[in-house]
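This structure is a prediction, so every number in the text was calculated from the model and none was measured. Numbers restart at 1 for each chain; the letters A, B, ... are given by sequence-line order, proteins then strands.
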Amino acid sequence: MPELPEVETIRRTLKRFILDKTIEEIIVYWPNIVKYPDDVEEFKHMLIGQTFRDIKRSGKFLRFELDHHVLLSHLRMEGKYSVHDQTEPLAKHTHIIFKFTNGEELRYHDVRKFGTMHVFPKGKEFEQKPLLQLGPDPFEREFTLPYFQEKLGRTSRSIKAALLDQTIVAGLGNIYVDETLFKAGVHPAKKANELTVSEIKAIKKFATITLQEAVEQGGTTIRSYVSSDGEMGMFQQELFVYGQENEACKNCGDLIVKIKLAGRGTHICTTCQKE
DNA sequence: TTGGGTGTTGAGTA
DNA sequence: ATACTCAACACCCA
C-alpha cells in the first residue's frame with residue numbers, strides 16, 4: 001500500500017521514536033520477510049548491539065542506518081512499523097520485533113507478509129539488489145527532463161507501466177500514477193515512446209507536485225494505512241481519479257471510469273485524457 | 001458463500 | 001523487449 005508519500009511520512013514519524021535506541025534482541029516470527037542475509041541468525045547477528053543513527057529513504061524503501069550496517073525495508077502492500085513498551089500485548093500479524101535496551105521495541109507488522117528486509121554493511125547497500133537498479137525519485141537532482149525523456153523514449157510500454165517501473169522513476173505506485181496522468185491530461189495507455197515533449201514535461205511536473213502535496217498531507221489512507229504514530233493520511237480528500245469510479249470528474253463533470261492496464265486497476269476521465 | 005480485487009514486486013513463459 | 005500469468009498472503013465485499 002505505501003507509496004513514496006506514505007513511506008516518507010513513516011520515515012519522519014519513526015525517526016522521533018527510534019533514533020539513539022540500541023538493539024538488544026531481535027525476534028523473527030516469519031523468516032521469509034528476511035531476504036538478505038538468507039540466514040536469519042546472521043541477520044540478527046549483524047544488527048544486535050547496534051544503535052539507530054538515522055532513517056533515510058530511497059523510493060519506497062526505508063534505509064535504517066545503524067553503526068555499521070544498513071537495514072533496507074520495503075513495506076510492499078501492508079507493512080507497518082510502530083514502537084511500544086515491551087509489556088504491551090502484540091497485535092496480530094506482528095512478524096519481527098527489535099527489542100531495545102531501554103525497555104521499548106520496534107515492531108514490524110504486515111498482514112499480507114509481502115514486505116522485505118535486507119541488511120548490508122554501511123556503504124554497500126547501493127552496490128547490489130534491491131537498490132542497484134532503483135531510479136531517482138522525483139525529488140532528486142538526477143530526475144531531470146533529459147533523463148526522463150531518454151528513459152521514456154526507450155520503451156514502447158504504456159506510460160502507466162513505465163511510471164510504475166521503479167528503475168525509471170522511484171516512488172510512484174498505483175494511486176499516484178493515476179493521479180499524475182489525470183493532471184497531465186495523458187491517457188495511461190499511451191505508449192511512453194510516443195509522448196510529446198510537452199506531455200513528458202507535464203507528467204514530470206505533476207508527478208513531483210502530487211507527491212509533494214501528498215507528503216504534506218501525511219499520505220493517502222484508503223483502507224489500512226496509518227503512519228508510525230497511528231495517524232491517518234489526509235491526501236485521499238485530494239484524489240481526482242483513484243477510487244473515484246462512477247463519480248463526476250472534478251474538471252469536466254463526466255464520469256470517471258475504471259479499466260485494467262498493466263495488470264492494475266486504472267482510473268481515468270476519458271474526456272480529460274484522450275488516447 | 002465464493003471469487004475477485006487490494007496502495008507491490010519478482011519469476012517464469014511465450 | 002514486452003505482455004501475461006502466477007506467486008507470495010490475508011482480508012473484504014458484492
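Close to C/dC11, at under 4.0 Å from its OP1 or OP2, lies a side-chain N or O of A/His93. Regarding contacts with the backbone of C/dT2, a side-chain N or O of A/Thr155 is found under 4.0 angstrom from either OP1 or OP2. Phosphate contact (OP1/OP2 of B/dG7, side-chain N/O of A/Arg264, threshold under 4.0 Å): present. The phosphate of B/dT9 has neither OP1 nor OP2 within less than 4.0 Å of any side-chain N or O from A/Thr116. For the pair A/Tyr176 and B/dG7, the criterion of a side-chain N or O lying under 4.0 Å from OP1 or OP2 is not met. Between A/Lys113 and the phosphate of B/dT9, there is no side-chain N or O to OP1/OP2 separation shorter than 4.0 Å. Look at A/Lys92 and you'll find a side-chain N or O under 4.0 angstrom from OP1 or OP2 of C/dC11.
As a whole-Å value, the separation of A/Leu172 CG from B/dT9 P is 10 Å. A/Tyr29 places its OH atom 19 Å from the C1' atom of C/dA10, with the value rounded to the nearest Å. Put simply, CZ on A/Arg76 is 16 Å from P on C/dA7, counting in whole angstrom units. Protein atom CD of A/Glu245 is 12 Å distant from nucleotide atom P of C/dA14, rounded to whole Å.
Across the P atoms, B/dT2 and C/dC9 are found 22 Å apart, a figure rounded to whole Å. Comparing B/dG5 with C/dT5, their C1' atoms sit 16 Å apart, to the nearest whole Å. Distance noted for atom P between C/dT2 and B/dG7: 23 Å (whole Å).
Contact annotation for A/Lys191: no contact, since no heavy-atom pair falls under 4.0 Å across all strands. In this structure, A/Ile222 reaches the bases: a heavy-atom distance under 4.0 Å links it to at least one base atom across the strands shown.
Positionally, the nearest nucleotide of DNA chain B for A/Glu78 lies more toward the 5' end than for the other of A/Glu78 and A/His74. Nearest-nucleotide assignment on DNA chain B puts the 5′-proximal partner with A/Lys60, out of A/Lys129 and A/Lys60.
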Open item on the list: Using the rule given for ring pair (Phe, Tyr, Trp, His ring centres under 6.0 Å), can you reason through A/Tyr29 versus A/His95, listing the C-alpha separation, both sets of side-chain angles and the distance that settles it, and then say yes or no?
Closed with: CA-CA 5 Å; A/Tyr29 296 111; A/His95 303 307; 8.1 Å; no
Task: Full working for ring pair (Phe, Tyr, Trp, His ring centres under 6.0 Å) between A/Tyr81 and A/Phe64 - done: CA-CA 12 Å; A/Tyr81 282 100; A/Phe64 295 87; 5.2 Å; yes
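In this structure, the nucleotide among C/dC9, B/dG7, C/dA3 sitting nearest to the side chain of A/Arg157 is C/dA3. If you check B/dG5, B/dG7, B/dT9 against the side chain of A/Gln166, the one that comes closest is B/dT9.
Between A/Glu275 and A/Thr270, the closest side-chain pair of non-hydrogen atoms is not below 4.5 Å.
A salt bridge links A/Arg12 with A/Glu8: the distance from a Lys NZ or Arg NE/NH1/NH2 to an Asp or Glu carboxylate oxygen falls below 4.0 Å. The pair A/Lys151-A/Asp165 does not count as a salt bridge, with every side-chain nitrogen at least 4.0 angstrom from each carboxylate oxygen.
Base pairing of C/dC9: no nucleotide in any strand meets the Watson-Crick or G-U wobble criterion (both distances under 3.5 Å).
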